[in-house]
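What follows is one structure encoded as structure tokens, with my remarks underneath.
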2 protein chains.
Amino acid sequence: MLSHKYPFMDFNMQLFLSKYKNKIDQKGRVSIPAQFRSILFQDGSQKIFCYPSLDAEAIDAGGDSLSREIYALMDNLDPYSDEKDFLSTALFGLSEELRIDSDGRVILSDALIQHAQISDEVIFVGLGQKFQIWEPNRFSNYLQDAQKKVREQRLLLSKKNKGF
Amino acid sequence: MLSHKYPFMDFNMQLFLSKYKNKIDQKGRVSIPAQFRSILFQDGSQKIFCYPSLDAEAIDAGGDSLSREIYALMDNLDPYSDEKDFLSTALFGLSEELRIDSDGRVILSDALIQHAQISDEVIFVGLGQKFQIWEPNRFSNYLQDAQKKVREQRLLLSKKNKGF
DNA sequence: AAAAATACCATGTTATCCCATAAATACCCA
DNA sequence: TGGGTATTTATGGGATAACATGGTATTTTT
């Protein structure tokens, strides 16, 4: 069964879930959580697709399905619009493919590190089809905001969806 | 036969019922009650889907039908909205899939244990399509409150119905 | 040649597997 | 129906595998 909104997602595909805190060593290496790696390796890719998150001080990351989704998004835009120029600069100009080494680690680029204000520890947060990489303190602040917003909207949700 | 109100529930599905108290050992393992396991294994899954309950100091848990319900909920949101970002952080980021080992046990994550204030014993409470995991004392307090509210509600009702 | 990236190896911790046991439950057959 | 046997279940422990992480050596880049 395919999603009507996400042509690249079906309900059988494994999703990025949960969060993991990992250290960055002196060489700048971080382990990708094994759980995430096993999802990424499903399409045979030894890379992760990354770009600075558009609306948060975090890094957006994922596998082939994420990069394909971004490509598709671009294709749907008017070729000569400002919107397309802006988005392709913001996403493709700044996106990177990081190689995952034999021990499951990557090296984050300076640009990504600076955007997310990362120092020596990061949190990997699963968001379904993609995941984010955060500086731990920034993430806990963001999470508090998110939970507050969700609670405010919970009445709406719980009426439509029993069980939440 | 599928329900039109709850597309992921059918009337033949077995429900999580009753409650069971189990111990957490030194390695952090807890047995999932056999009764619950037999329901979970019906869809072939060796995992339970868990997240911190939105409105209680407890863990919400269930099988494929619960996780699919959440995926569907996310799928209905506008892909690039703030609402979706917040919800996916709060739901996907805090959800976990716990592997059930060959003896029917799981290891609860630190985050879940902290949310539910669990130490060395838990109560599994069946809630139909899902179940909850509680620290025993907290659950009995919650039960008392719930029963009190039910009694108050009844008083109100009987006052309204005076004269009939 | 120097710096950076990559491969390879080592270690402590944690999760996972496998087996053992005791209690509870289900089963069977006289 | 009763009484004994087999199975299931929760729980503990030891052995093994996986994982994050640090370090060293080798290759590549510039």
Side-chain angles (χ1 to χ4, degrees), chain A residues 14 16-42 45-50 59 61 96-114 118-126 131 133-136 139, chain B residues 14 16-42 45-50 59 61 96-114 118-126 131 133-136 139:
Chain A
Q14 288 203 70
F16 297 103
L17 284 183
S18 181
K19 59 191 166 68
Y20 305 87
K21 188 195 277 187
N22 284 344
K23 286 179 186 170
I24 299 182
D25 70 11
Q26 296 100 326
K27 294 183 182 178
R29 300 175 296 186
V30 221
S31 290
I32 305 290
Q35 207 69 247
F36 289 5
R37 251 152 46 204
S38 74
I39 299 174
L40 292 168
F41 289 176
Q42 271 179 178
S45 158
Q46 281 272 125
K47 293 174 175 175
I48 62 173
F49 179 79
C50 299
I59 301 167
E96 312 181 18
E97 285 199 325
L98 304 182
R99 223 187 57 84
I100 301 176
D101 73 16
S102 50
D103 296 320
R105 292 182 279 198
V106 295
I107 297 180
L108 301 175
S109 71
D110 289 344
L112 292 175
I113 285 173
Q114 210 176 342
I118 289 165
S119 57
D120 63 344
E121 251 185 345
V122 291
I123 293 197
F124 293 82
V125 184
F131 60 92
I133 306 173
W134 285 83
E135 189 280 323
F139 174 68
Chain B
Q14 280 184 273
F16 298 105
L17 289 178
S18 177
K19 58 190 167 70
Y20 306 87
K21 188 195 278 188
N22 284 345
K23 286 180 188 171
I24 300 183
D25 69 12
Q26 294 108 321
K27 295 183 182 177
R29 300 175 296 187
V30 221
S31 290
I32 305 290
Q35 206 71 255
F36 289 6
R37 250 152 46 205
S38 73
I39 299 175
L40 292 167
F41 288 175
Q42 274 180 350
S45 159
Q46 281 273 124
K47 294 172 175 176
I48 61 174
F49 182 83
C50 299
I59 301 166
E96 320 199 4
E97 285 195 323
L98 304 182
R99 265 209 277 308
I100 302 177
D101 73 15
S102 47
D103 297 318
R105 292 181 279 197
V106 296
I107 297 181
L108 301 175
S109 72
D110 290 344
L112 292 175
I113 285 173
Q114 211 178 337
I118 289 165
S119 56
D120 62 345
E121 249 184 347
V122 292
I123 293 195
F124 293 84
V125 184
F131 59 92
I133 306 174
W134 286 82
E135 191 280 323
F139 177 67

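Note that the structure is predicted; figures quoted are calculated from it, not measured. Residue numbers start from 1 in every chain, and the chains themselves are labelled A, B, ... in the order their sequence lines are given, proteins ahead of strands.
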Quick one: the side chain of Asp103(A) and the base of dC19(D), do they pair up donor-acceptor inside 3.5 Å?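 In this structure, the two groups form no donor-acceptor pair.
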Is there a donor N/O on one and an acceptor N/O on the other, under 3.5 Å, for the side chain of Lys27(B) and the base of dT11(D)? no
Can you identify which nucleotide, out of [options], has its nearest atom closest to the [X] side chain?
| X | options | value |
| --- | --- | --- |
| Arg105(B) | dG22(D), dG12(D), dA20(D) | dG12(D) |
| Lys23(A) | dG22(D), dT16(C), dT11(D) | dG22(D) |
| Asp25(B) | dC8(C), dG12(D), dT11(D) | dG12(D) |

Go nucleotide by nucleotide along DNA chain D from the 5' end; which of Arg37(B) and Gly104(A) gets its closest nucleotide reached first?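 Counting from the 5' end, the first nearest nucleotide belongs to Arg37(B).
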Does a side-chain N or O of [X] approach OP1 or OP2 of [N] to a distance below 4.0 Å, or not?
| X | N | value |
| --- | --- | --- |
| Gln26(B) | dG12(D) | no |
| Arg29(B) | dC18(C) | no |
| Arg99(A) | dT6(C) | yes |

What is the distance, rounded to the nearest whole Å, between atom NZ of Lys47(B) and atom C1' of dT16(C)?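 So the NZ-C1' distance, Lys47(B) to dT16(C), works out to 15 Å.
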Starting at atom CG of Asn22(A), determine the distance to atom C1' of dT14(C), rounded to an integer number of angstrom.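 Rounded to the whole Å, the gap is 13 Å.
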Within 6.0 angstrom of Gln35(B) CD, more than 12 heavy atoms from elsewhere: no
Hey, does Ile32(B) reach any base, or is it just sugar-phosphate, or nothing, if we go heavy atoms under 4.0 Å?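 Answer is sugar-phosphate: Ile32(B) comes under 4.0 Å of backbone atoms only.
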